[in-house]
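Here's the structure, in structure tokens; my notes come after.
Just so we're clear, the structure is a prediction, and the values are computed from it rather than from any experiment. The chains referred to below are lettered A, B, ... by the order of the sequence lines, with proteins before strands, and numbering in each begins at 1. Computation of the quantities below employed the complete heavy-atom set of this structure, encompassing side-chain atoms and omitting hydrogens, waters and symmetry-equivalent molecules.
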2 protein chains.
Amino acid sequence: MTATQPSHRRGQAVDAAIIEATLGVVAEQGTFQIRIDDVAERAGVNKTTIYRRYDSAEELVLAAVLHNAAAGIPMPDTGTLRGDLDALVRMVRAALTDPLGRALMQASGGGPLDELRRRYWAERFELASELIDRAAERGECAPVDDAAARIEALVAPIHFRIIQLAGVADDSLLAATVDRVIEELPSDDGSDR
Amino acid sequence: MTATQPSHRRGQAVDAAIIEATLGVVAEQGTFQIRIDDVAERAGVNKTTIYRRYDSAEELVLAAVLHNAAAGIPMPDTGTLRGDLDALVRMVRAALTDPLGRALMQASGGGPLDELRRRYWAERFELASELIDRAAERGECAPVDDAAARIEALVAPIHFRIIQLAGVADDSLLAATVDRVIEELPSDDGSDR
DNA sequence: AACTATTGCAACCTCGAGTTGCGTTAGGCG
DNA sequence: CGCCTAACGCAACTCGAGGTTGCAATAGTT
């Protein structure tokens with residue numbers, strides 16, 4: 001029965017444990033207002049060690065979220081606009097249903113997390129705009145200059161249902177939302193709808 | 001120079017002062033996480049007096065919000081569906097821009113405030129559904145059985161822009177949202193759009 | 001004027017954030 | 001192998017905010 005868990009881990013191992021524990025606690029509590037002691041216990045690390053790395057609890061949470069979001073954002077490419085938006089809308093639902101996603105969406109207080117959330121959406125809107133641009137290149141619709149706004153219109157109903165109403169975004173809601181956005185795109189021959 | 005502010009007010013006067021101070025602090029801080037000492041100071045009342053009325057800070061906040069929301073919900077009645085929805089959408093924008101409204105929308109943690117917010121929306125959706133029902137009676141559109149869902153579709157984009165993106169919901173966004181909802185209503189002759 | 005409920009006040013408890021000093025350990029290096 | 005040092009554990013501390021308690025002061029009532 002050898003000690004599988006060394007009593008004094010170091011460097012990267014501790015770093016990883018702390019970040020992982022932070023994300024775990026956030027997910028469990030559903031909030032970014034976590035207790036440092038909880039994180040310390042979960043990471044099998046002393047509170048002091050955490051404070052040696054991060055000046056405050058807020059900084060720790062911020063670092064954990066950034067670490068988690070570092071895993072790029074894969075955009076769908078199914079060949080059709082409907083296929084892409086369908087996949088996108090499912091990704092959005094999954095992200096908002098996830099405890100960490102929920103926590104990020106509900107972060108408030110005007111702190112750095114609010115700023116982070118804004119950049120989160122801006123970044124994704126920018127990337128998702130390409131889906132519409134590609135559709136235009138394929139001739140599925142005429143080019144638009146407000147693609148980001150149309151992605152926003154795609155996300156808003158799903159976000160409202162899940163986050164604000166704490167309800168479920170079933171497939172019919174997703175489909176209806178995709179339909180609506182596609183119908184509002186100008187057709188390739190120049191006529192609107 | 002008589003004492004205009006008696007040093008020991010009583011009963012209703014203290015009640016009102018506490019509720020008002022609570023709402024004021026919430027509006028200033030933009031959060032429901034307020035300091036009882038702040039409320040006490042602002043109300044010109046001792047902390048003990050507050051705890052004699054409310055068991056916890058959360059209960060106080062809840063009472064204050066309920067008191068504030070007690071002022072009924074006037075629904076527009078302009079004679080046309082577009083006029084009604086236009087007015088409604090402006091009311092929504094005003095409510096979400098207001099500090100108290102923002103705070104309520106961002107309340108989280110699974111507490112009673114979440115529940116309160118859900119009832120807040122359910123209540124308003126129910127009332128606003130009448131706007132569409134009345135439009136159907138006037139022959140502006142065919143009757144629908146999912147009026148509440150259509151009101152939700154009206155609110156979601158405005159909410160997302162203001163609360164989630166911390167942006168401005170300008171008149172063009174409001175108009176576009178109203179247009180969209182009206183266009184999706186089945187026309188009176190039975191054909192859709 | 002006396003009585004009672006309400007309020008003010010000061011002191012206290014609890015809990016979590018964040019800090020400090022020191023002892024202990026891991027791991028590199030001669 | 002033994003030493004040296006940076007990283008970690010540990011216990012005790014400060015500090016601010018939530019919440020409590022006992023008692024004195026005050027307002028309204030009779």
- Message: Under 4.0 Å from OP1 or OP2 of C:dT7: is there any side-chain N or O of B:Arg53 that close?
- Response: yes
- Query: In chain order, what residues pass the side chain to side chain contact (heavy atoms under 4.5 Å, CB included) check against A:Val89, with sequence neighbours excluded?
  - Reply: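 Expected list: A:Leu154, A:Ile158, A:Leu174, A:Val178.
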- Query: What residues, two or more places apart in sequence or in another chain, satisfy side chain to side chain contact (heavy atoms under 4.5 Å, CB included) together with B:Asp98?
  - Reply: B:Leu100
- When rounded to the nearest 0.5 angstrom, what distance separates CZ in A:Arg150 from CG in A:Leu185?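 So the CZ of A:Arg150 and the CG of A:Leu185 are separated by 5.0 Å.
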- Task: Quick one: pull up CE in B:Met75 and CZ in B:Arg134 and give me the separation to the nearest 0.5 Å.
- Result: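 Output value for this atom pair is 9.5 Å.
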Just how far, in rounded Å, is [atom2] of [N] from [atom1] of [X]?
X: B:Gln29; N: D:dA17; atom1: CD; atom2: P; result: 11 Å
X: B:Gln12; N: C:dT7; atom1: CD; atom2: P; result: 11 Å
X: A:Asn46; N: D:dA6; atom1: CG; atom2: C1'; result: 17 Å
X: A:Asp15; N: D:dA7; atom1: CG; atom2: P; result: 11 Å

- Message: Quick check: do B:Glu115 and B:Arg118 have side-chain heavy atoms less than 4.5 Å from each other?
- Response: yes
- Query: Should A:Tyr54 and A:Leu62 count as side-chain neighbours, where that means a heavy-atom distance under 4.5 Å?
  - Reply: no
- Do nucleotides 15-20 of chain C as a string where each nucleotide becomes B, S or -: B if the base has a protein heavy atom under 4.0 Å, S if just the sugar-phosphate does, - if no protein is that close. -SSBBB
